Each structure stands twice: as C-alpha cells, then as structure tokens.
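Predicted model only: the values in this text are computed from it and were never measured. The chains referred to below are lettered A, B, ... by the order of the sequence lines, with proteins before strands, and numbering in each begins at 1.
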Amino acid sequence: MNQTMTPLVDPRIWDETTAALRAAAAKLLTDGTVAAVVGYVAGRRSGSAMPAIVSTAAEAETLIFSPSCTNNLSLYLTRSKKSIGARGKLAVMVKGCDLRALAGLISENQLQRDQVVILGLACPGVYAAAADRRQPLSAENIAGKCRECSVRTPENVDQLLGRLPELPPLEDSEAAELARLEALTPPERWGFWNGHFSRCIRCLACRQVCPFCFCEQCLCDRNRPQGVEGSPRPAGNTAWHIVRAMHLAGRCAGCAECESACPMEIPLNLLNRKMAQELKELYGYESGTEAQEKGPLTSYDEKDDQSFIK
Amino acid sequence: MSRIGVFVCHCGENISRTVDVEAVAADAGRLPGVAFACDYKYMCSDPGQNLLKKAIAEHRLDGVVVAACSPRMHEKTFRKAAESAGLNAYRCEMANIREHCSWVHEDRSEATAKAGAIVAMLAARVSRNKSLAAITVPVTKRALVIGGGIAGIQAALDIADCGHDVVLVERDPSIGGHMAQLSETFPTLDCSQCIMTPKMVDVANHPKITLHTYSEIEQVDGYIGNFSVKIRKKARSVDMSKCTGCGVCMAKCPQKKIPNAFDCDRGLRPAIYVPFPQAVPNTPVIDRENCTFFKSGKCGLCAKVCGPGAVDYAQQDEIVLESIGAIVVATGFDLYDIGKKPAGSAIEGYGEFGYGTLPDVIDGMTFERLASASGPTGGRIVRPSDGKEPKEVVFIQCVGSRAREKGISYCSKICCMYTAKHTMLYKHKVHDGQAYVFFMDARTPGKGYDEFWRRAVEEEDAAYIRGMVSRLYQKGEKIVVMGSDISVGVRVEIEADLVVLATAVQPRQGADSLAQKLGISYDKYNFYSEAHAKLRPVECATAGIYLAGACQGPKDIPESVSQASAAAAKVMTLFSRAQMERDPMVARVNERLCAACLACKKVCPYGAIEEKEIRDRQGNLVRTVASVNPGVCGGCGTCQATCPSKSVELDGYTDEQIMAMIETL
Amino acid sequence: MHPTKQHQFEPKIVAFVCTWCTYAGADLAGTSRLQYPSNVRVVKFPCTGRIDPLFILRAFQKGADGVLVSGCHPGDCHYMAGNFHARRRFAAFRHLLDFVGVDLKRLLFSWVSAAEGGKWVEVVTEFTESLKTMEPMKEFRALEGQEHWSSLIDTPELQESYDAIP
C-alpha cells in the first residue's frame with residue numbers, strides 16, 4: 001500500500017540530526033565530559049534502529065536518528081542498568097517523550113541532574129510498533145502517541161540537536177479511541193478490556209521496558225501476600241494491568257513503549273492516557289520535561305475535588 | 001502453623017441476645033489455625049481475663065481473638081491480659097461483634113452469621129500478626145522556649161521549677177513582649193508591668209533558665225527528645241559580663257532622636273539603649289544601623305564614658321549550639337499595620353481610615369503607650385499632631401478582622417475587651433472627655449469580662465454605637481468619622497479629636513520562616529497549627545514541639561498563661577521518664593527492597609522519613625534508601641499505600657494482615 | 001434491569017474504614033442501637049491513607065458486590081493529611097476502574113465522623129438497598145473460572161482445530 005503513503009517530512013531532516021548528534025557525541029567523549037553516550041545505532045534489519053552505548057569518538061560515528069528510534073533511552077539510566085551508570089557521567093539522547101521520563105526519574109531520586117548530559121532530539125515522530133521500517137514515515141504509519149505530540153522540540157535540555165520541519169496536523173487516533181470507549185457502557189468496556197487482558201501472556205515486557213518500573217521487587221512478584229496472581233489467567237492479568245496503570249498514574253511520561261513492546265498488541269497506552277487525562281482535569285497535572293518536587297499523587301490541596309464522596 | 005484461641009463473649013446479654021455465641025464459638029473452633037475456642041459471659045471481668053490467660057498457657061496459643069465489644073473499649077484490657085500470660089500484646093485482636101453486630105442487627109440468624117464472619121476475618125488476621133515491642137527513644141531533658149513574652153516566660157518558669165534546664169530565646173533586647181507595653185490589663189485594670197516584672201526577674205534569676213536575649217533561632221535539626229538547635233546571639237556591642245546597667249552610656253549618647261519601637265515609634269531613644277526601664281536583662285544594645293560610630297567611624301562616646309569598659313564595638317554575632325529535648329514556641333503576635341499592605345500580607349489596606357497619613361489616627365497599642373505612665377507622654381492622653389488633650393475620641397472595632405473580603409476572616413478576640421478598657425482609661429484621665437465606640441458585637445465571654453464591658457457602657461459613659469465606619473477624613477483640626485448606627489438606622493458623623501483603631505492581630509514577622517525551620521505547620525495567616533483543634537491544642541503534629549500563646553491564635557493574657565502552663569505540662573510528661581515509649585505500630589522500611597524514590601517521604605504527614613545512606617565496610621556509598629524515624633512516625637500508613645513495591649510497611653497493619661482479612665470473604 | 005425482577009439476593013459489602021472516625025461512628029451507631037442491614041463487613045485501618053487500591057480490587061475479586069471506603073472529613077484526619085492523600089488516590093482509581101468497565105455504583109466513598117452514627121447507618125443502608133437492585137457482581141467472579149487465554153476459542157481456525165481433536 002506504499003503508493004498512498006506520502007512521507008510526512010523530508011527524510012534529510014533525520015540525516016541532519018544524525019550528523020549533529022554524531023558531532024555532539026564525539027565532542028563530549030573526546031573532551032572527557034562524559035564517559036559514555038547512550039544513543040541509537042542502526043539495527044540488523046534494514047531501516048531499523050536499536051539502542052547503543054558508545055564510549056569513543058569512532059563509535060560515535062555509528063550513532064543515528066531515524067523514525068525507527070522508538071526506544072526510550074532513559075531506561076538505560078535506571079537502577080537496573082547499574083553497570084552503565086557506574087561508568088561515570090553519561091550523555092543520553094532523548095526525544096521529548098523520553099525526556100519526560102528522564103525528568104520523572106530525576107524527580108523520583110533515581111538520577112542526579114548533574115550526572116547526565118541531556119541531548120534533546122527534535123523529533124517529527126516515530127513508527128508505530130508494527131510499521132514497516134523500510135517505508136518513509138507517514139500519517140499512516142506514525143505511532144499513535146506522536147500524532148498530537150507537544151514536545152517535538154524538547155525544552156530543558158543541555159543541547160538541542162536537529163530542527164523540526166513544518167508538520168501537517170494529524171488526527172489524534174488515541175484520543176478518538178479513548179472517546180469511543182468512554183461513550184460505551186461499563187459492561188461493553190469490560191468486554192473490550194477483558195478481550196485484551198485475557199490474551200495477555202504475562203511476558204511483562206511492558207514492565208521491562210518502562211523506565212518507571214524500577215522497583216527492586218515488583219508487587220506482582222510478591223507472594224506474602226500475593227495481591228496479584230502470577231499466572232497468565234484472565235483474572236490475574238486484569239489485576240496486573242489495573243495495578244500497573246494505577247502505579248504509573250501521575251508518573252507515566254507517555255512514551256508508549258509498553259504498548260510498543262507488547263507482543264499481544266494490547267492497547268496499553270490507552271490506560272495510561274486515560275489516567276493522564278483524569279489527573280490533568282482533576283489537578284491540572286501534566287508530565288513535563290523538568291523535574292518536579294512532587295507528583296499529583298504525592299501531594300494534595302485542601303480544596304481537591306470530593307464530589308464523588310458522600 | 002498458628003495456634004489461635006477464640007473467646008466469644010456474651011457480654012451479659014448484650015451480645016447473646018441476638019447472636020448465638022455458642023454456635024459462633026463452635027464454628028470458630030473449626031477454623032484453620034484455631035486451636036481453642038470457647039464462649040464466656042463476661043470476658044472483660046477478672047474471671048474472664050483469667051480464662052484467657054489460662055487458655056494461653058494450657059493450649060500454647062500464639063494468637064488470640066476476643067470476640068466481644070469494640071476494640072476501642074477493651075483492646076488495651078485484653079492486650080495487657082495476654083501480655084501478662086506471656087503472649088505478646090500485639091498478638092491479641094478483638095472482633096467487634098457487639099457495636100458492629102449484636103446491637104445493630106435484630107435478626108438472630110443474620111447477626112449470628114455476621115458474627116461468625118467477623119470472627120473468621122480476625123482469626124485470619126491474627127495468624128499474620130507479629131510480636132511487636134514498644135519503641136524507646138532517649139530524651140534530653142532540656143527545654144527550649146522560643147519567645148520571651150508572658151507565654152514564654154510562664155512556660156519557662158513552669159518547666160524550670162520542675163528542676164529541668166530551660167533555654168529561653170528572645171529576639172528583642174529584652175523579654176516582656178507586648179504585655180510589657182500595656183498600661184493596665186483587663187478585667188481588673190491592674191498595672192501590666194507591675195504584675196509582669198516579678199516574673200521577668202524570676203526568669204533572669206532562675207538557676208535553671210539560660211536566657212538568650214537579642215537572639216534568634218538559626219537552625220533546628222533532630223527530632224523529639226533529640227533536637228540540636230543553633231542559636232544566633234546577635235552582637236549587642238556590649239559585654240554582658242561587664243555591664244552594670246548604670247545607664248551613663250545612654251545618657252551621653254549624642255544620637256537621641258531614634259523612634260523607639262517599644263513606644264510604637266512615638267517615643268525617642270538613643271542609639272545605645274534598653275527598650276524600656278524595666279528591661280530584663282538591663283543591658284543596653286547598640287542599634288548599629290543608626291549609631292554614628294558604626295555608620296561613619298566617628299563618636300565612640302559610650303565606650304569612653306563606660307566605667308567597666310563594657311562597650312565592645314568589635315563584638316560579633318555568636319552561634320550557640322544547644323541539645324534540646326522539647327521545644328515550646330511562644331512567639332506571640334503583632335498588630336497589623338493597616339495603612340500599607342505589606343508584602344505577603346493577607347490583609348488589604350484600609351486607606352479609607354487614613355492610618356499612616358492622618359497623624360491622629362492611631363492603633364490600640366499606640367493608645368496603650370500614651371496611657372502608660374512610663375510611656376512617651378508620661379501617661380497623658382494627647383493628640384500626636386499637636387499634643388492637645390482630645391475631648392472626643394472615637395474607637396473603631398474590627399478593623400481588618402472578620403473581613404473575608406479584605407483578607408482576614410477570623411476574630412482577633414482581644415479587641416472588644418481592650419477597647420472597653422481604653423474607653424475607661426481615657427475617661428479616668430480626661431474626665432470631661434467622651435468616648436465613642438463603633439462596634440458590631442461585644443465579644444466578652446471570659447470571667448468578669450461582660451461585667452467589665454458593661455461597666456464601660458453603663459458607668460463610664462462610653463457611647464457604644466452599633467455600626468461600622470466607612471471613612472475618616474481631616475477637617476481642620478478634627479477628624480470626621482463617617483459611620484452608621486444600625487440599631488436605629490441612621491448615618492452618624494462624629495468630629496473626633498483622636499481616632500483609635502482596633503486593628504487585627506497577626507502572628508509576628510518571621511513566623512513562617514521559623515515554622516519552616518522547626519518543621520511545624522501553619523495556616524494561611526501564619527498562625528501555628530495545633531495537632532487537634534479540640535483535644536490537642538498545645539501540641540504540634542510534629543512530635544516534641546508545643547505551642548503557647550498568641551502565635552497559635554489570638555488570645556488574651558489569662559489564656560496565654562494557661563496555654564503556657566499546659567505546654568509546660570506536656571513537656572514535663574515527655575521529661576518524666578528516662579526514655580520515651582511509643583506505640584510500636586509504626587512504619588519500617590525494608591532496606592533490601594527500597595528503591596529510594598522517596599514518594600513515602602513526600603507524603604508522610606509527620607516528616608518522619610529521611611533518605612539514608614548505605615555504605616560498605618570501606619565507607620563507599622553503595623546506595624540510598626528511605627528510612628523511618630520510629631520516634632516520629634505517627635502510624636498512619638500513607639507511606640505504604642503510596643509505595644508501589646510496599647518496601648515500607650506499617651507494623652500492625654501489614655499487607656499480609658489486611659489481605660488475610662479480605663481473603664476470608 | 002427488569003423492573004419486575006424480584007432478585008432479592010444479599011449483597012456482600014466490604015467496608016474499609018479508618019479507626020478514628022468512621023469506625024468510631026459505626027461504634028456510636030451500635031451504642032445508639034440504630035439498626036441497619038447486616039451485609040457489611042468492616043475492615044479497620046488506622047487511616048484512609050493506608051487503604052491501597054489493591055485492597056478494593058482484591059475485595060471485588062473475592063466476591064464483594066460492593067465496596068465502601070470511609071474516613072475522616074477533610075481537615076479532621078487524626079494523622080493530619082492521610083485522608084487528603086487518600087482522596088486523590090481514590091479520585092484517580094475510580095476513573096481507572098470505570099474505564100476498565102467496573103460499575104462505579106458498586107464503589108462508594110464517604111466521610112463519616114466519630115459523631116455521625118446516623119450517617120453511618122444511612123450510608124450502609126442506602127448502599128445495601130442500591131446493591132440489592134443490581135445483580136450480584138459477576139465481572140470478576142466470571143474471570144476466576146477462566147483458565148489460560150488460549151482456552152478462548154474465538155477464531156474459526158481454533159474452533160476447527162479444537163473440533164478435530166479426537
């Protein structure tokens with residue numbers, strides 16, 4: 001169906017950014033400002049990209065930026081990847097959504113701001129999970145989360161790499177789906193989610209790929225008590241996804257990597273987006289690119305809404 | 001495997017009338033983990049408790065459920081009984097089958113079924129209970145009192161009289177606070193200084209009280225029983241150990257025209273001064289901002305004339321470190337300066353009253369200084385503009401208070417009484433004078449208060465007009481007061497010689513920054529928050545810190561003294577034992593699991609959680625974790641509900657215990 | 001709902017309450033001998049701040065037809081701010097449950113103070129009556145019986161393969 005896909009932007013945009021980030025990375029490494037740079041390199045399959053950690057100027061030449069750079073690299077700065085942080089000060093390449101996660105990690109004491117050089121990437125968007133990486137980025141194959149992105153040119157970065165071209169407005173498919181679900185009756189919604197949760201195989205890729213799932217022991221792995229059943233039965237899966245969505249409420253950066261990583265194509269980002277929408281409406285909270293002292297669920301206002309309380 | 005004992009109480013007939021207690025006991029005996037079950041008429045009685053103790057011993061019980069009344073009634077009773085039988089108190093739970101069951105459900109089968117369900121729930125819980133021991137926290141028996149007004153003085157004396165050391169810190173050069181500025185006090189009209197100065201002298205002479213005046217709190221670290229406080233003793237420029245209080249320096253100082261804050265800027269003082277003659281300590285202070293020597297390097301007269309050579313221009317601020325067990329905050333109040341709107345003030349300006357622009361519009365404290373025999377006019381009530389005696393004085397109540405639109409919604413409490421007092425002081429001095437009072441209500445509830453107020457109205461001819469004032473303006477030598485009398489529904493205009501405003505009471509300047517140093521809560525007006533409005537009015541939520549006086553809310557002298565003694569009593573409770581014993585149902589962090597996101601720290605209402613470093617044997621930092629101070633934790637469990645991994649758990653209310661209860665449904 | 005349905009089942013209600021306010025209020029209802037339906041089982045917490053959304057979820061999974069969460073009025077929390085945090089937590093959680101398809105008429109929140117024995121009775125009675133007009137909650141219970149996802153034979157190919165098993 002390639003004839004209907006018009007490229008969203010001139011592909012040379014990414015070449016420019018790639019050149020800029022190679023230069024920036026090389027300089028940071030040769031100056032000794034950082035011990036390593038976390039970025040993307042070309043993947044094994046044509047058009048794909050994968051995370052990489054480079055520590056020499058020569059290696060910096062292999063760094064790229066393309067619409068395949070879907071991974072949230074702030075994941076590599078979390079406590080489970082201790083060996084990376086142990087190298088010393090790092091530079092990390094972040095798209096706007098990734099930066100929100102990085103800011104959240106700093107807010108949650110997982111990272112010190114002065115231990116990381118933030119290389120912001122001007123990003124027109126990345127591919128949807130199942131998109132063919134050989135095709136140019138288009139309105140049809142762009143990820144749902146990118147359609148109404150407000151952080152394409154991330155602020156609060158140490159260096160901004162690349163520039164953002166003019167982009168046509170895109171329909172927010174996630175918002176449309178959210179509205180569609182909200183208009184259903186509860187039993188219909190239950191049926192929708194049950195249909196998805198019952199297919200979950202509890203691979204926990206969603207947890208592995210989420211920068212905020214840094215708990216040393218996940219609640220669902222606890223058996224004294226066992227609050228969330230471990231086996232991939234619909235009952236346990238439902239509990240798992242509800243609990244995870246609640247634990248991420250007020251923290252999730254909206255990178256949608258969980259949904260990207262899910263092998264069963266469960267629309268996980270809808271849950272996170274719903275929570276973000278409610279927290280914005282209730283408390284004016286939005287995930288941002290700067291670290292904050294407290295989140296919406298670790299603070300309160302005496303005048304908070306209590307219309308739902310008798 | 002658990003060995004739980006279940007004891008089902010008849011409570012006479014209170015429970016057995018609607019609940020088949022024998023059946024409940026029989027069913028309980030068949031529950032998993034229950035080794036013994038019985039029913040009895042009165043479990044809380046002596047034989048009932050003995051039954052409990054015997055069963056614990058005979059059946060080697062490791063957990064006990066007493067199905068009876070509410071735990072709010074007898075939990076302590078049965079926990080004590082269990083403890084005395086050798087079973088840890090916290091392995092004893094109560095199943096509420098009276099208040100929550102037998103008393104509220106008439107149908108016998110329903111009530112019995114529910115009682116059985118409640119017992120099963122509590123038995124499941126108890127099987128997950130752990131033994132807990134009371135937490136002991138050492139206590140340094142040394143109190144800090146911040147503020148040397150009447151409340152601070154009273155608290156310091158009460159604590160010191162019990163034989164404990166007290167450190168009293170006062171920001172001004174002398175203790176005494178606002179009470180020292182008053183002329184006569186209601187409802188008795190006795191001389192304020194006369195009743196206060198003996199107490200001030202007691203403080204100065206008390207062997208157990210260390211007085212730091214002209215000092216401020218710099219930093220507070222630590223927690224209840226174990227505070228570490230840095231006090232900044234500001235440089236007086238006078239060596240206290242040498243000064244004899246002879247006063248020659250003040251007499252000789254060439255700078256004599258500095259407005260004296262003690263006299264509400266109506267009197268004048270030299271640059272080296274004591275704020276008032278009865279100051280304690282009677283050691284002067286050099287006002288370096290206005291002193292010629294400090295401004296230009298010239299003069300130095302006071303050092304030359306000082307016999308003992310006590311003047312020391314080179315004196316520096318000194319930081320004193322004190323170890324403190326309990327802190328009483330008694331920083332008092334100030335009146336609003338309502339002409340201007342100070343930054344951050346809750347109150348809007350009252351430009352219409354001309355305060356600050358019309359010289360003969362003054363506030364209540366200024367009136368006190370005029371009336372005071374040791375004041376700037378020697379006790380004569382005169383107009384600031386021309387020194388003439390005012391024959392018509394208008395007093396306006398509620399200026400700023402009770403005015404939500406302007407910014408302050410509370411009542412300042414003391415003004416109805418002091419205004420009535422002012423009308424009487426005025427009348428006693430200006431026999432042919434007429435006092436008018438514009439008021440909304442007369443709030444005079446104290447002992448002898450209403451009688452005092454009625455005296456002003458009925459015997460001393462004060463003309464009380466129920467109504468408010470919209471505007472004041474100067475007309476020649478007089479001030480026109482435009483108001484209304486709402487009892488008869490007319491507008492009233494009075495040409496006054498002097499207008500006295502009863503301005504709102506607010507906490508002292510810097511109350512908020514002090515609160516932040518102490519870690520105590522304050523409201524939007526900067527009054528300090530008590531732990532519970534009715535049941536804990538002199539304690540802060542922050543353990544070990546107590547409140548006395550007007551810093552907690554507007555109040556008069558008798559109340560301030562009462563509250564100060566109450567705060568002292570609280571301090572004495574803390575000091576009465578070598579160690580403090582606390583309920584062990586506090587939170588604890590599992591340091592292996594904690595990822596140090598510190599969400600728990602953010603939500604803890606007590607500030608009981610800090611970040612702690614974990615170091616290896618070589619001293620290298622391995623990681624940090626959250627850490628709960630068991631001396632400060634209040635036991636609410638908000639931390640655990642917030643923690644995604646439940647690395648912090650509330651002992652006594654663990655997830656295991658709660659889930660076990662839910663599993664029995 | 002069939003208006004003529006006489007479905008008088010007895011709903012199972014779990015109430016998560018705080019010790020200092022609602023539990024005391026329920027005690028007061030008892031001392032005052034006020035009568036109310038016996039469907040509710042009270043689980044005591046020190047503070048609503050301690051109540052984890054997981055408990056609500058678990059209660060539904062274990063067969064509760066309705067869950068009630070009740071604590072001190074804002075400003076009255078014995079621990080000063082526990083109920084403020086709980087308020088936000090539950091405001092968010094109920095939206096999540098609603099989104100996933102749980103009927104929010106089965107989840108009730110209230111502020112009941114230690115002096116409000118009457119309110120406790122009112123809340124419990126109204127909640128019980130309202131749940132009686134609904135059916136037993138089947139959503140989570142139905143899941144309990146379901147095994148691995150692959151037991152769902154929801155495509156023609158799967159059905160064919162399943163049928164081909166001798």
Side-chain angles (χ1 to χ4, degrees), chain A residues 178 181-182 184-195 197-202 219 225-229 231-239 241-243 245-247 249-250 264 270-271 274-275 277-279 281-283 296-310, chain C residues 48 52-58 60-61 68-71 73-75 81-112 119 122-123 126-127 138-152 154:
Chain A
L178 212 59
L181 288 170
E182 283 168 349
L184 299 175
T185 65
E188 286 172 331
R189 277 200 292 275
W190 181 261
F192 172 83
W193 285 111
N194 192 228
F197 293 154
S198 58
R199 297 183 305 109
C200 171
I201 57 174
R202 295 295 277 279
L219 187 64
Q226 188 183 67
V228 177
E229 190 191 319
S231 57
R233 302 189 324 137
N237 299 345
T238 306
H241 289 291
I242 291 177
V243 167
M246 192 61 204
H247 281 191
M264 305 310 289
L270 284 179
L271 289 168
K274 170 69 177 172
M275 294 312 285
Q277 179 186 289
E278 291 306 328
L279 289 172
E281 214 176 283
L282 285 165
Y283 313 120
L297 295 182
T298 45
S299 58
Y300 64 88
D301 186 292
E302 292 187 11
K303 294 198 180 59
D304 282 336
D305 170 62
Q306 49 178 42
S307 53
F308 64 98
I309 305 177
K310 205 169 137 83
Chain C
T48 45
D52 200 325
L54 182 58
F55 301 150
I56 298 173
L57 187 56
R58 202 87 190 108
F60 281 132
Q61 286 183 315
L68 168 63
V69 175
S70 184
H73 289 263
N83 62 352
F84 287 135
H85 289 292
R87 181 167 62 179
R88 279 210 175 185
R89 195 185 299 143
F90 297 133
F93 187 59
R94 60 189 289 277
H95 283 294
L96 178 58
L97 286 184
D98 176 49
F99 189 54
V100 167
V102 173
D103 187 346
L104 285 186
K105 292 203 285 294
R106 296 183 181 278
L107 179 57
L108 184 61
F109 297 94
S110 69
W111 301 135
V112 173
K119 187 173 178 189
E122 190 191 301
V123 166
E126 274 177 30
F127 196 33
K138 58 175 173 5
E139 283 85 351
F140 286 101
R141 276 204 205 100
L143 290 186
E144 287 299 315
Q146 285 177 22
E147 286 306 318
H148 193 269
W149 67 274
S150 62
S151 70
L152 283 177
D154 54 0

Any donor-acceptor pair under 3.5 Å from Ser198(A) side chain to Pro234(A) backbone: no
Per-residue contact mode, Asp305(A) against chain C (heavy atom under 4.5 angstrom): backbone
Option in Arg58(C), Glu139(C), Glu144(C) with maximal non-hydrogen atom pairs under 4.5 Å from chain A: Glu139(C)
Region of Trp190(A) in contact with chain C, defined by heavy-atom distances below 4.5 Å: both
Heavy-atom pair of closest approach, residues Arg189(A) and Leu184(A): NH1-O, 2.9 Å
Contact winner vs chain C - Gly191(A), Gly250(A), Gly236(A), Ser299(A), heavy-atom pairs under 4.5 Å: Ser299(A)
Considering all heavy atoms, the nearest Met264(A)-Cys200(A) contact: CG-CA, 4.5 Å
Whether Arg87(C) side chain and Asp301(A) backbone form a donor-acceptor pair below 3.5 Å: yes
His73(C) backbone acceptor or donor facing Asn83(C) side chain under 3.5 Å: yes
Atom group of Gln61(C) that falls short of 4.5 Å from chain A, counting heavy atoms: side chain
Part of Leu54(C) lying under 4.5 Å from any heavy atom of chain A: side chain
Options Leu97(C), Asp52(C), Asp103(C), Asp98(C), ranked by heavy-atom pairs under 4.5 Å with chain A, top entry: Asp98(C)
Whether Phe140(C) and Phe60(C) hold their rings parallel, tilted or perpendicular, with breakpoints at 30° and 60°: parallel
Engaged part of Ala239(A) at the chain C interface, taking heavy atoms whose separation is under 4.5 Å: both
Heavy-atom pair with the smallest gap, counting every atom of Arg106(C) and Phe127(C): O-CZ, 3.4 Å
NZ or CZ of Arg88(C) within 45° of Tyr283(A) ring axis and under 6.0 Å: yes
Parallel, tilted or perpendicular: ring planes of Tyr300(A) versus Phe84(C), cut at 30 and 60 degrees: parallel
Proximity breakdown for Glu281(A) and chain C, heavy-atom pairs closer than 4.5 Å: neither
Residue selection (most heavy-atom pairs with chain A, distance under 4.5 Å) from Leu108(C), Val69(C), Val112(C), Val100(C): Val100(C)
Residue part contacting chain C, namely of Met275(A), when any heavy atom lies under 4.5 Å: side chain
Part of Glu278(A) within contact of chain C (heavy atom distance under 4.5 Å): side chain
Contact origin within Leu279(A) toward chain C - heavy atom pairs under 4.5 Å: side chain
